[in-house]
Amino acid sequence: MLFNVLLYAVMVFMVIRMIMMNKNVNRRRKVINVINQIQDEQAFYAAANEVINTVNDPVIETKTRIIRLWGMVYHKNLDRFEEELNDINIRTLFLNKNGNVTIEADEDSFFYLLLSLPNMLYGMDRVDLIDKIYEKVNEHENVLSNQLIKALGDHCNLFYHQKDDLGEAFFRKIDEGDYPGYRYSKQLIGVYKNICDTMLCKILADRNEDYSEFEIYAENFAKMGVGRRWIEVLGLDIKAPSDEIEEETENTEEEVAADEENDQNEAEVIDVTAEEPETEEVQETDKEEE
């Protein structure tokens, strides 16, 4: 009798969990739908505005505002950049989990904000606007200081501003798997390493030094739309093998947040935040192969 009660309770729990997961996926598809329309500027803004003005969810609103800012830079419409940036409430993306504040559930949005946007702005010679982003983000340094994505963005900024060692020592450590104490989404760590390897290629190329040991990883990054654009912004002559280039899609940044193990669950694109993401907090030097 007790076993039957427990079995029933487990079944009820699983049904409720499935319902909540499906609801979460459907909510986040609103954001993916906006991204998918990036090539049509008018349709993109219309879709973004509709979500922002109608959604009754502060997280989805913030994620969409970040995407709208990214779209503005993508289409080189910078007149309202600061106003748009000021309307983003980063705090809504913080999740209190077991007494700790984390960002992993929405780390894809921080990818846009801390990595993709600054890279595009660097390519447009608007480092001043990168500074505006980080002025806003650094207000939350107490939450973000142990996040690998924030540290990666900080060191990319050293390169963009041509300061210190341009981030070289940090990029080498990440390439080697040495990132103790940082939190990160496991689905994104491979992309973070690809970014570090690509930055190392650029730093070494500018010194006329051999970068072949990192080039293969940059070539792997070039298989993705986001990687191709990153490499192009840096002015590197690195391409993926022609038979391995992924089909170009409008939502290439969202590919970064894809969980390949659940590929069958989404028709177009998979948002790792549709379910609770796997995260790691590394306490020792991690030498795992990705």
Side-chain angles (χ1 to χ4, degrees), residues 28-53 60-88 90 93 106-134 136-137 149 152-153 156-157 159-160 188 191-192 194-195 198-199 202 221-236 239-240 245-258 268-271 273:
R28 295 177 186 275
R29 278 181 178 154
K30 295 178 184 291
V31 183
I32 294 172
N33 179 60
V34 175
I35 298 169
N36 282 339
Q37 300 184 64
I38 187 62
Q39 299 298 335
D40 185 333
E41 185 175 359
Q42 186 174 357
F44 170 80
Y45 288 130
N49 293 341
E50 181 179 2
V51 173
I52 290 168
N53 294 332
I60 298 303
E61 178 183 341
T62 297
K63 291 174 76 69
T64 307
R65 286 187 181 278
I66 291 173
I67 295 303
R68 188 167 67 178
L69 183 65
W70 169 75
M72 289 170 58
V73 176
Y74 185 95
H75 289 291
K76 297 179 171 60
N77 296 325
L78 303 181
D79 292 344
R80 295 185 58 256
F81 181 92
E82 291 187 50
E83 179 181 346
E84 190 77 15
L85 178 63
N86 290 337
D87 286 339
I88 294 172
I90 295 175
L93 301 179
D106 292 293
E107 196 161 329
D108 58 317
S109 291
F110 284 92
F111 180 90
Y112 285 91
L113 194 61
L114 299 177
L115 297 176
S116 184
L117 272 165
N119 177 256
M120 288 194 298
L121 288 167
Y122 171 74
M124 299 166 68
D125 198 24
R126 293 303 305 269
V127 175
D128 59 311
L129 295 183
I130 299 177
D131 292 340
K132 294 295 182 182
I133 293 175
Y134 272 81
K136 184 179 185 72
V137 170
I149 191 170
L152 178 54
C156 286
N157 279 345
F159 173 83
Y160 299 149
L188 291 173
V191 178
Y192 296 160
N194 284 162
I195 289 173
T198 303
M199 297 302 290
K202 175 61 175 175
F221 194 30
K223 296 176 187 178
M224 304 177 66
V226 59
R228 290 195 293 278
R229 285 201 293 274
W230 194 289
I231 291 166
E232 181 181 345
V233 163
L234 295 181
L236 289 167
K239 295 180 176 61
I245 298 176
E246 296 178 4
E247 182 181 353
E248 180 70 39
T249 61
E250 293 84 351
N251 55 322
T252 46
E253 263 74 10
E254 196 66 19
E255 293 168 5
V256 171
E268 283 252 7
V269 90
I270 308 166
D271 184 354
T273 63

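The two residues Ile38 and Gly71 come nearest to each other via the heavy atoms CD1-CA, 3.7 Å. Across every non-hydrogen atom of Thr64 and Ala48, the tightest pair is CG2-O, 3.7 Å. Minimum heavy-atom separation, Arg65 to Asp87: CD-O, 3.4 Å. When all heavy atoms of Lys136 and Leu85 are compared, the pair lying nearest together is CE-O, 3.1 Å. Closest non-hydrogen pair, Ser109 versus Ile66, comes out as O-CG2, 3.8 Å. Nearest heavy atoms, Ile133 versus Leu113: CG2-O, 3.6 Å.
The shortest distance between side-chain heavy atoms of Leu93 and Lys63 falls below 4.5 Å. Using a 4.5 Å heavy-atom threshold, the side chains of Trp230 and Cys156 count as touching. Annotation: side chain of Tyr112 is not in contact with side chain of Leu69 (no heavy-atom distance under 4.5 Å). Proximity of Ile149 to Leu188: side-chain heavy atoms (C-beta onward) are nowhere separated by under 4.5 Å. Side chains of Ile90 and Ile88 form a contact here, defined as non-hydrogen atoms less than 4.5 Å apart. Counting only heavy atoms from C-beta outward, the side chains of Tyr134 and Pro118 approach each other to under 4.5 Å. Taking 4.5 Å as the limit, every side-chain heavy atom of Leu121 sits out of range of all side-chain heavy atoms of Tyr160.
For the atom pair Met124 CE and Leu78 CG, the distance stands at 4.0 Å (nearest 0.5 Å). Interatomic distance, Leu152 CG to Phe111 CZ, rounded to the nearest 0.5 Å: 8.5 Å. Put simply, CD1 on Ile32 and NZ on Lys30 are 12.0 Å apart, with the number rounded to the nearest 0.5 Å. In this structure, CE in Met72 is found 11.0 Å from CE in Met120, a value given to the nearest 0.5 Å. Summarising the geometry, atom CD belonging to Gln42 is positioned 11.0 Å from atom CD belonging to Gln37; distances are rounded to the nearest 0.5 Å.
Side-chain contact annotation: Asn77 with Tyr45, donor-acceptor N/O pair under 3.5 Å present.
A side-chain donor-acceptor contact under 3.5 Å links Asp40 to the backbone of Ala43. No donor-acceptor pair closer than 3.5 Å links the side chain of Asn119 to the backbone N or O of Leu115. Under a 3.5 Å cut-off, the side chain of Asn33 and the backbone N or O of Arg29 do not form any donor-acceptor pair. Within the 3.5 Å criterion, the main-chain N or O of Ala240 finds no donor-acceptor partner in the side chain of Lys223. Counting only distance, with no hydrogens or angles, the side chain of Tyr74 and the backbone of Arg68 share no donor-acceptor pair below 3.5 Å.
Other residues, nucleotides and ligands place more than 12 heavy atoms under 6.0 Å from the CG atom of Asp128. Within a 6.0 Å sphere centred on CG of Asp79, heavy atoms belonging to other residues, nucleotides or ligands number 12 at most.
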query: Between Val51 and Val31, does a side-chain contact (heavy atoms from CB on, under 4.5 Å) hold up when you go through it step by step?
result: CA-CA 8 Å; Val51 173; Val31 183; 5.5 Å; no
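Under the 4.0 Å criterion applied to side-chain N and carboxylate O atoms, Arg229 and Glu232 are not assigned as salt-bridge partners.
Ring geometry, Trp70 versus Phe44: the interplanar angle exceeds 60°, so the pair is classed perpendicular (tilted spans 30 to 60°).
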